[in-house]
Number of protein chains: 2
Amino acid sequence: MSDASLWTALADPHRRAIVALLLERPRPVGEIGEACGLSQPSTSKHLRVLRDAGLVRVRQDAQRRVYALDPAPIAALDAWLAPYRELWNRSLDRLGQRLDETSYDTDTEEPTPKG
Amino acid sequence: MSDASLWTALADPHRRAIVALLLERPRPVGEIGEACGLSQPSTSKHLRVLRDAGLVRVRQDAQRRVYALDPAPIAALDAWLAPYRELWNRSLDRLGQRLDETSYDTDTEEPTPKG
DNA sequence: ACTGCGCATTCCTTGACCGGTATATAACCA
DNA sequence: TGGTTATATACCGGTCAAGGAATGCGCAGT
């Protein structure tokens with residue numbers, strides 16, 4: 001499932017570094033490894049994981065293999081995040097109400113005593 | 001540190017299930033474990049990881065410990081995701097241009113190989 | 001065909017994580 | 001005080017992932 005592998009793929013800091021690197025522009029394996037301080041096999045293995053998760057695509061350019069980000073899984077992550085973002089907005093609203101203190105008409109509930 | 005532990009915390013499906021469960025409302029440990037089909041120690045350990053990542057907070061209620069989501073790390077995730085979301089929007093724009101430039105009437109070539 | 005380069009894969013070892021069992025701790029109750 | 005409930009932690013065994021070394025494989029130049 002690309003859903004499970006997506007999270008495990010991004011759980012690794014090296015892999016997140018690779019993804020951040022590919023955000024700027026597509027790059028061949030050697031460049032990625034050098035930029036992230038990874039050995040060549042390690043780079044290839046991480047790219048393999050990212051590829052299995054659907055996060056990157058490969059384009060063959062002579063001997064080199066140029067990796068590029070695939071935006072689709074990012075959208076999936078965004079979709080996962082959406083409900084929580086609403087929670088965050090609620091908390092921001094609540095904070096705003098606290099700071100505002102004017103209370104437009106927030107008699108809905110939630111006294112939130114003391115804190 | 002909450003940055004690294006945040007991803008590893010969410011990498012586990014059980015932990016994501018817990019987080020999703022707490023999105024509805026705060027719950028005590030026993031309720032979480034039962035809902036996720038986890039043993040009590042396993043539940044506590046997962047909650048420990050989530051707590052170390054800052055994803056949940058605890059409130060003591062008599063013998064029970066009620067866990068609730070903390071929206072802050074969600075915001076961090078959202079911030080991390082932001083640049084990639086732009087990439088996604090760019091790809092959507094590009095798709096729109098493609099559809100735009102190649103004539104909009106339904107007369108498009110659309111090879112549809114094999115059928 | 002041979003050689004060199006870029007990359008992928010395999011084997012191996014080590015370290016981290018996960019689940020279960022047993023135990024410790026803290027709060028309530030009799 | 002002793003006992004029960006609710007939760008946390010320590011220990012243990014199995015599993016999996018990460019890194020390094022060595023090797024395989026495709027492509028280009030001569």
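Residue numbers begin at 1 in each chain, while the letters A, B, ... track the order of the sequences.
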**Asked** For the pair made of CG in L38(B) and C1' in dG19(C), what is the distance, rounded to whole Å?
**Response** 10 Å
**Asked** Rounded to whole angstroms, how far apart are CZ on R59(A) and P on dC7(C)?
**Response** 12 Å
**R64(B), CZ: over 12 other non-hydrogen atoms inside 6.0 angstrom** = no
**Prompt:** Less than 4.0 Å between a side-chain N and a carboxylate O, is that true for D52(B) and R48(B)?
**Reply:** yes
**Asked** When the distance from NE2 of H46(A) to C1' of dA8(C) is rounded to whole Å, what number comes out?
**Response** 14 Å
**Message:** Contact list please: residues 26-36 of chain B against DNA chain D, heavy atoms, distance less than 4.0 Å, in numerical order.
**Reply:** P28(B), V29(B), G30(B)
**Prompt:** Are W80(B) and L10(A) close enough that some pair of their side-chain heavy atoms sits under 4.5 Å apart?
**Reply:** yes
**Message:** Restricting to non-hydrogen atoms, name the atom on L21(B) and the atom on R27(B) that form the minimum distance, rounded to 0.1 Å.
**Reply:** O-NE, 3.4 Å
**Asked** Can you check the R48(B) CZ to dA24(C) P distance for me, whole Å?
**Response** 19 Å
**Prompt:** Below 4.0 angstrom from OP1 or OP2 of dA6(D), is there any side-chain N or O of Y67(B)?
**Reply:** no
**Asked** How close or far is atom C1' of dA27(C) from atom CG of D61(B), stated in whole angstroms?
**Response** 11 Å
**Shortest side-chain distance from R65(A), nucleotide among dA6(D), dA8(C), dG6(C)** = dA8(C)
**Asked** Tell me: CG of D52(A) to P of dA8(C), nearest whole Å?
**Response** 12 Å
**Message:** Side chain of K45(B) only, heavy atoms from C-beta on: which candidate in dG19(D), dT9(D), dA8(D) is closest?
**Reply:** dT9(D)
**Prompt:** Hey, does C36(B) have a side-chain heavy atom less than 4.5 Å from the side chain of I18(B)?
**Reply:** yes
**Message:** For a quick test of reading the model, state the closest non-hydrogen atom pair linking T43(B) to G33(B) and the distance between them.
**Reply:** OG1-CA, 3.3 Å
**Item:** Side-chain N,O (H14(B)) to OP1/OP2 (dG19(C)) below 4.0 Å
**Value:** yes
**Asked** Counting any heavy atom closer than 4.0 Å, what does S39(B) reach on the DNA or RNA strands: base, sugar-phosphate only, or nothing?
**Response** sugar-phosphate
**Request:** Assign R51(B) to base, sugar-phosphate, or nothing according to its heavy-atom contacts below 4.0 angstrom with the strands shown.
**Result:** nothing
**Request:** Inspect the contact between E31(B) and R25(B) and indicate whether a charged nitrogen and a carboxylate oxygen are less than 4.0 angstrom apart.
**Result:** yes
**Asked** Where does the angle between the aromatic ring planes of W7(B) and W7(A) fall among parallel (under 30°), tilted (30 to 60°) and perpendicular (over 60°)?
**Response** tilted
**Request:** For each nucleotide in nucleotides 22-30 of chain D, reading 5' to 3', give B when a protein heavy atom comes within less than 4.0 Å of its base, S when such contact involves only the sugar-phosphate, and - otherwise.
**Result:** B----BS--
**Complete:** With the side chain defined as heavy atoms from C-beta on, S42(B) is closest, among dG19(C), dG19(D), dC18(C), to dG19(C)
**Request:** Starting at atom CG of D12(A), determine the distance to atom P of dC17(C), rounded to an integer number of angstrom.
**Result:** 12 Å
**D61(B) vs P28(B) side-chain heavy atoms within contact, under 4.5 Å** = no
